[in-house]
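Reading through the structure tokens given below for one structure.
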Amino acid sequence: MRELDENFTNPLPQKAEYDIGDHLIYGNQKKWKKVIEWILTIVAWAILVSYVLYLIYGSLAIKYGWYLPEFTIYTREMVLEIQKYFFILFIALLILTVLLIFWKNYNLRRFGKLHRRKFRPPVDEEELAKLFELDIEYVKDFREQRVVVLETNIVPPELGMGRDDDDEDEDENRQ
């Protein structure tokens with residue numbers, strides 16, 4: 001075997017020559033654009049968080065009779081309207097949940113006991129030897145070895161996964 005040879009070098013792990021920079025768009029953004037981007041992001045998050053907090057506090061204030069300050073777009077009517085939408089969405093969520101539970105149970109009762117998948121029996125050495133046109137001793141050795149090194153690429157080039165002619169020339173020059 002080649003592994004017992006002194007000059008044998010293990011080809012695993014192979015390092016792929018891949019540069020992620022080739023697939024990402026890099027650019028140096030000007031500082032003033034970054035500052036504007038950060039300011040707009042912080043303002044947007046502040047508006048979103050204040051809206052959610054006002055809805056939560058407004059719901060509690062309406063329920064318990066607390067003081068509810070009103071701003072330009074944040075009003076008592078807005079909180080009541082949003083509560084209606086949340087109630088409708090909650091009812092829709094409950095209906096969909098019940099429908100999905102019924103559907104799951106229906107499928108389980110109708111199809112749960114069926115065993116339609118038929119698995120192939122394990123492949124034996126004779127079948128592999130016949131398929132790959134090898135001797136049975138080679139197949140047994142391959143099954144016993146932990147790492148199998150193939151001398152040639154077994155993937156045909158017409159499948160698109162084989163090596164190109166240029167790559168083969170480069171590999172021959174390296175060796």
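Everything numeric here is computed off the predicted structure, so don't read it as measured data.
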Legend entry - Spatial distance of atom CG (N105) from atom CG (L100) [nearest 0.5 Å]: 11.0 Å
Inset, instruction - Tell me whether V49 is reachable from I82 by hopping between hydrophobic residues (I, L, V, M, F, W, Y) whose side-chain heavy atoms are closer than 4.5 Å. - result: no
Legend entry - Path from L108 to F102 over hydrophobic side-chain contacts below 4.5 Å: no
Legend entry - Over all atoms of both residues, closest heavy-atom pair of A129 and I136: CB-CG1, 3.9 Å
Inset, instruction - Begin from the C-alpha positions of V139 and D135 and carry the test side-chain contact (heavy atoms from CB on, under 4.5 Å) through to its verdict. - result: CA-CA 7 Å; V139 175; D135 292 333; over 6 Å; no
Inset, instruction - Could you tell me the separation between the CH2 atom of W45 and the CD1 atom of I42, rounded to the nearest 0.5 Å? - result: 12.0 Å
Legend entry - R76 bridged to E70 by N-O distance under 4.0 Å: no
Legend entry - R143 vs Y138, side-chain contact (heavy atoms from CB on, under 4.5 Å): CA-CA, chis, key distance, verdict: CA-CA 9 Å; R143 281 201 167 179; Y138 282 134; over 6 Å; no
Inset, instruction - Could you name each residue pair satisfying salt bridge (Lys or Arg N to Asp or Glu O under 4.0 Å) that touches residues 105-121, not counting sequence neighbours? - result: R120-E127
Inset, instruction - Check whether L80 and I88 end up in the same hydrophobic cluster, where Ile, Leu, Val, Met, Phe, Trp and Tyr are linked by side-chain heavy atoms less than 4.5 Å apart. - result: no
Legend entry - Approximate separation, where rounding is to 0.5 Å, of Y74 OH and Y57 OH: 15.5 Å
Inset, instruction - Supply the atom-to-atom distance L96 CG to L89 CG, rounded to the nearest 0.5 angstrom. - result: 10.5 Å
Legend entry - Rounded distance [0.5 Å steps], NZ in K130 versus CD in E125: 15.5 Å
Legend entry - side-chain contact (heavy atoms from CB on, under 4.5 Å) between Y54 and L68, intermediate numbers included: CA-CA 9 Å; Y54 188 82; L68 181 61; 3.6 Å; yes
Inset, instruction - Please answer: with hydrophobic residues joined when any side-chain heavy atoms are less than 4.5 Å apart, are L55 and F87 in the same cluster? - result: no
Legend entry - More than 12 heavy atoms of other groups within 6.0 Å of F111 CZ: yes
Inset, instruction - Please report the closest heavy-atom contact between T41 and E37, naming both atoms and the distance. - result: OG1-O, 2.8 Å
Legend entry - From M78 atom CE to Y51 atom OH, the distance as rounded to the nearest 0.5 Å: 5.0 Å
Inset, instruction - Check the hydrophobic clustering (I, L, V, M, F, W, Y; side-chain heavy atoms under 4.5 Å; chains of links allowed) and say if F71 and L60 are grouped together. - result: yes
